Amino acid sequence: MARDKKLIIGNWKMNLGVHEASLYVHKLADQVKSHRDVEVVLAPTILALQTLSVQVNYRQFKLAAQNFYWRDHGAFTGEVSATQLRGIVQYGLVGHSERRHVFHETDKDTRAKVQAALRNGIKPILCIGETASERTMGETSDALYDQLIGGLANVTSEELEDVIIAYEPVWAIGTGNNAVPNDVIAAARAIRHHLKHLYGSRAASSVTILYGGSVTEHSAADYLALSEIDGLLIGGASLDASAFAGIVEKAYQSVKKK
Ligand code: 13P
């Protein structure tokens with residue numbers, strides 16, 4: 001994605017059922033206009049993806065899977081693969097803090113999922129972020145480096161063009177304790193610095209970086225004004241269609257100002 005665009009993603013986590021998801025999309029469709037410089041992505045429950053894929057106009061919204069298994073087919077009871085999601089979603093979250101901490105997913109799982117997404121034409125959104133104690137110990141940059149190496153181990157510089165990096169500090173997710181813009185600037189610079197070391201300066205400067213963690217309709221504009229990041233990954237504030245539409249509107253305004 002070109003860096004003069006903004007990417008706004010709503011991660012509903014385990015909220016809203018199929019019917020509610022459909023009503024939400026009706027409401028949101030009335031409230032947001034299509035804009036070629038703002039991409040709006042919804043990550044509903046996996047149950048709603050099929051319905052929404054028929055309902056949404058992909059020029060207005062894209063869809064993301066919150067999770068998927070890294071194998072393409074086989075005897076994996078209860079799992080859904082990136083191959084099965086192909087054609088339904090354009091993006092897939094990988095390595096979200098809740099997957100790492102609640103479901104104990106490792107860097108090995110994360111890297112396999114990044115590969116599965118790329119293999120199936122789905123853009124992986126690799127989520128990385130330090131814990132509160134890593135932050136206190138001054139280890140934020142090291143933690144980000146480890147998670148980048150862990151998730152991107154087999155990714156080529158060509159493939160990196162399809163990877164989105166989401167900086168989501170663990171301490172800021174769902175806590176109301178959002179990272180201030182200066183924290184986000186420092187983290188985004190650290191991420192580009194690490195990527196430069198791994199892939200060279202062109203790849204590092206063109207990769208899309210998002211911020212996520214307790215973003216609200218009120219704080220969104222402060223982040224969207226930062227040239228270091230390219231959009232937002234929103235949890236709680238995306239559950240209300242009007243609040244989310246308000247954030248999308250702020251993204252329009254931020255690209256218009258440029
Ligand atoms: P909150 O916006 O609820 O803090 O969640 C952020 C997040 O985890 C998005 O993936």
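Counting starts at 1 for both ligands and their atoms, in listed order. Just so it is clear, the values below take in all heavy atoms, side chains as well, and ignore hydrogens, waters and symmetry mates. The structure displayed is predicted, hence computed values, not measured ones.
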Dump the pairs for me: ligand 1 N or O, protein N or O, distance under 3.5 Å, to 0.1 Å.
residue  : atom   : partner : partner atom : Å
ligand 1 : 2 (O)  : S214    : N            : 3.4
ligand 1 : 2 (O)  : G235    : N            : 2.9
ligand 1 : 3 (O)  : G236    : N            : 2.8
ligand 1 : 4 (O)  : G174    : N            : 2.6
ligand 1 : 4 (O)  : S214    : N            : 2.7
ligand 1 : 5 (O)  : K13     : NZ           : 3.2
ligand 1 : 8 (O)  : K13     : NZ           : 2.8
ligand 1 : 8 (O)  : H96     : NE2          : 2.8
ligand 1 : 8 (O)  : E168    : OE1          : 3.4
ligand 1 : 10 (O) : N11     : ND2          : 3.0
ligand 1 : 10 (O) : H96     : NE2          : 2.9
ligand 1 : 10 (O) : E168    : OE1          : 3.2
ligand 1 : 10 (O) : E168    : OE2          : 3.1

| field | ring pair (Phe, Tyr, Trp, His ring centres under 6.0 Å) contacts touching residues 104-125 (sequence neighbours left out) | value |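 Output for this query is empty, none listed.
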
| task | Before accepting this row, confirm whether a basic side-chain N of the pair K113/E105 lies closer than 4.0 Å to the acidic partner's carboxylate O. | result | yes

| Charged N-O contact under 4.0 Å between R99 and D109 | no

| Which residues pass the ring pair (Phe, Tyr, Trp, His ring centres under 6.0 Å) test with W171, sequence neighbours left out? | none

| task | Taking ring pair (Phe, Tyr, Trp, His ring centres under 6.0 Å) as the test, write out the residues that go with Y69, two or more places apart. | result |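 Once residues adjacent in sequence are excluded, the partners of Y69 under the ring pair (Phe, Tyr, Trp, His ring centres under 6.0 Å) criterion are F76.
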
| message | Donor-acceptor pair, distance only, cut-off 3.5 Å: does the side chain of Y211 make one with the backbone of G213? | response | yes

